[in-house]
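I have placed the structure first, in the form of structure tokens, so that the comments after it can refer back to it.
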Amino acid sequence: MSEKVHVSSHPLVQHKVTLLSEKSTDTRMFRELVRELTGLLVYEAMADVPVNELIYTTPLEETTGHELQPRVGLVPIIRAGIGMVDAAADMIPSSEVWHLGMYRDEVTHTPVSYYNKLPKECPDDLVVVLDPMLATGGSARDAISVLKDWGARWIKFIGIIAAPEGVEELQRAHPDVDIYVARLDRELDGNRYIRPGLGDAGDRMYGTHPSE
Ligand code: PRP
Ligand code: URA
């Protein structure tokens with residue numbers, strides 16, 4: 001697998017993604033686990049980000065420390081990506097949050113863009129896309145194309161569960177983007193759902209049913 005694809009091998013991530021995808025996990029616990037997993041995945045995804053050295057003062061003396069160098073923008077893909085944004089913003093409090101809305105057409109399974117309020121120019125050095133599911137890869141692919149047109153130069157994608165087909169499509173379209181996920185699953189089914197997967201992430205996060 002490409003060195004741009006990072007599937008977490010951390011025991012805590014493996015434990016929590018198992019609980020997340022378990023059928024009996026209720027909405028409240030699902031949200032909590034998405035938050036916890038996001039914090040852990042952001043930690044892993046930020047491992048290669050440069051820092052600036054700075055001089056600062058502890059209660060006892062002046063010393064040198066570090067601060068994140070890039071300005072970071074977080075882009076949750078509405079709806080399910082919203083469940084990841086608080087945890088990511090807690091880890092990177094200086095980050096800005098921009099929203100993109102996409103849903104998959106139920107018949108064609110292709111992404112439909114319905115919300116984009118990005119400002120005129122991209123103010124960030126690093127843009128982190130948040131969406132728990134990478135299935136066909138169409139939503140992430142199109143969202144990242146929008147972000148590149150906007151001027152984003154350095155983009156990372158953080159998801160929770162990916163299908164091999166989605167990883168392949170995202171890498172084909174955007175080979176420069178690092179992909180961080182908690183788990184790489186077996187395949188997509190005929191409805192383009194990830195198997196074994198966790199079902200519909202948005203529905204499980206918000207307690208809705210597919211017909212709503
Ligand atoms: C889910 C998920 C991704 C997309 C992934 O959203 O949150 O955005 O599907 O599928 P893809 O890789 O095949 O494009 P969904 O379309 O269900 O919308 P929702 O978050 O509003 O429920
Ligand atoms: N979107 C989801 O929420 N789950 C899938 O398995 C595929 C797309």
Side-chain angles (χ1 to χ4, degrees), residues 4-5 7 16-23 25-27 29-31 33-35 37-38 41-42 74-88 97-118 127-148 155-175 177-212:
K4 303 294 263 182
V5 183
V7 181
K16 287 176 189 295
V17 76
T18 299
L19 292 175
L20 182 79
S21 52
E22 156 70 45
K23 184 180 177 182
T25 296
D26 66 13
T27 302
M29 183 56 71
F30 190 91
R31 290 185 193 157
L33 287 163
V34 166
R35 281 196 289 272
L37 281 160
T38 301
L41 291 168
V42 167
L74 303 175
V75 180
I77 309 298
I78 305 169
R79 211 176 25 150
I82 293 285
M84 300 173 73
V85 77
D86 282 356
V97 181
W98 313 109
H99 298 85
L100 290 179
M102 326 263 299
Y103 70 88
R104 292 200 318 177
D105 180 277
E106 276 178 25
V107 178
T108 63
H109 310 296
T110 53
V112 181
S113 166
Y114 65 93
Y115 186 84
N116 175 346
K117 263 202 127 195
L118 299 174
V127 173
V128 180
V129 178
L130 303 168
D131 191 333
M133 307 305 275
L134 185 62
T136 66
S139 304
R141 177 199 62 217
D142 288 5
I144 290 171
S145 294
V146 168
L147 296 170
K148 284 185 173 173
I155 301 176
K156 290 173 181 276
F157 175 88
I158 301 182
I160 295 183
I161 297 184
E165 294 90 332
V167 170
E168 199 180 314
E169 174 58 11
L170 193 48
Q171 287 216 284
R172 185 198 60 74
H174 303 295
V177 171
D178 280 280
I179 301 170
Y180 298 84
V181 290
R183 199 173 84 191
L184 182 62
D185 274 7
R186 190 181 65 243
E187 61 184 354
L188 294 181
D189 66 16
N191 267 333
R192 303 292 185 271
Y193 269 79
I194 301 174
R195 295 295 183 106
L198 54 70
D200 187 294
D203 284 337
R204 293 199 63 184
M205 192 174 292
Y206 297 113
T208 51
H209 299 286
S211 56
E212 291 176 83

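Counting starts at 1 for both ligands and their atoms, following the listed order. Here the structure is a predicted model, which means the values were calculated and not measured.
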Query raised in the report: Considering the options Leu184, Ile161, Asp189, which one meets the side-chain contact (heavy atoms from CB on, under 4.5 Å) requirement together with Ile194?
Result: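 Only match with Ile194 under side-chain contact (heavy atoms from CB on, under 4.5 Å): Ile161.
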
Query raised in the report: How far does OG1 of Thr136 sit from CG of Leu170, to the nearest 0.5 angstrom?
Result: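 Separation between the atoms: 10.0 Å.
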
Could you tell me whether some N/O pair between [X] and ligand 1 is separated by less than 3.5 angstrom?
X: Arg79; result: yes
X: Thr136; result: yes
X: Asp203; result: no
X: Ala80; result: yes

Requested in this report: Decide whether the shortest distance between a heavy atom of Arg192 and an atom of ligand 2 is less than 4.0 Å.
Outcome: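 In this structure, Arg192 qualifies as a contact of ligand 2 - some heavy atom is under 4.0 Å.
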
Query raised in the report: Going by heavy atoms, is Arg195 under 4.0 Å from ligand 2?
Result: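 Distance cut 4.0 Å: Arg195 fails for ligand 2.
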
**Report entry** Heavy-atom nearest option to atom 4 (N) of ligand 2, drawn from Gly199, Ala201, Gly197, Ala135
**Finding:**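 Comparing heavy atoms across Gly199, Ala201, Gly197, Ala135, the nearest one to atom 4 (N) of ligand 2 lies in Gly199.
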
Requested in this report: Please work out which of Asp131, Ile194, Asp142 has its closest non-hydrogen atom nearest to atom 7 (O) of ligand 1.
Outcome: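 Going through Asp131, Ile194, Asp142 one by one, Asp131 has the nearest heavy atom to atom 7 (O) of ligand 1.
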
Considering only non-hydrogen protein atoms, determine which one is nearest to [atom] and report residue, atom name and distance to 0.1 Å.
atom: atom 14 (O) of ligand 1; answer: Ser139 OG, 2.5 Å
atom: atom 10 (O) of ligand 1; answer: Arg104 CD, 3.2 Å
atom: atom 5 (C) of ligand 2; answer: Tyr193 CD2, 3.4 Å
atom: atom 6 (O) of ligand 1; answer: Met102 O, 4.9 Å

At less than 4.0 angstrom from any non-hydrogen atom of [X], what atoms of ligand 1 do you find?
X: Gly137; answer: 11 (P), 12 (O), 13 (O)
X: Asp200; answer: 17 (O), 22 (O)
X: Met133; answer: 2 (C), 3 (C), 5 (C)

Is there side-chain contact between [X] and [Y], with at least one heavy-atom pair below 4.5 Å?
X: Met84; Y: Val34; answer: yes
X: Ile144; Y: Val177; answer: yes
X: Tyr206; Y: Arg79; answer: yes

Requested in this report: Taking the six-membered ring of Tyr193 (Phe, Tyr or Trp), confirm whether the NZ or CZ of Arg104 is under 6.0 Å from its centre and within 45° of its axis.
Outcome: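 Yes, Arg104 and Tyr193 form such a contact.
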
Query - Carboxylate-amine/guanidinium contact Arg141 Glu169, below 4.0 Å - result: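 Looking at Glu169 together with Arg141, the answer is yes, because their closest N to O distance falls below 4.0 Å.
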
Query raised in the report: Do Arg31 and Asp86 meet the salt-bridge criterion of a basic N to acidic O distance under 4.0 Å?
Result: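 Salt bridge absent between Asp86 and Arg31.
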
Query raised in the report: Can you check whether Tyr103 and Tyr114 have ring centres sitting under 6.0 Å from each other?
Result: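 Centroid distance Tyr103-Tyr114: below 6.0 Å, so yes.
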
Query raised in the report: Taking both backbone and side-chain atoms of Ile194, is any N or O found less than 3.5 Å from an N or O belonging to ligand 2?
Result: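 Yes, there is a polar N/O contact under 3.5 Å.
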
Query - Verify atom 1 (C) of ligand 1: protein non-hydrogen atom under 4.0 angstrom away - result: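 Given the 4.0 Å limit, the answer for atom 1 (C) of ligand 1 is no, no protein heavy atom qualifies.
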
Query raised in the report: Parallel, tilted or perpendicular for His99 and Tyr115, by the 30°/60° rule?
Result: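 The arrangement is perpendicular - the two ring planes meet at more than 60°.
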
Query raised in the report: Closest approach of Asp178 and Lys4, non-hydrogen atoms and distance?
Result: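 Here Asp178 and Lys4 meet closest at OD2-NZ, 3.1 Å.
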
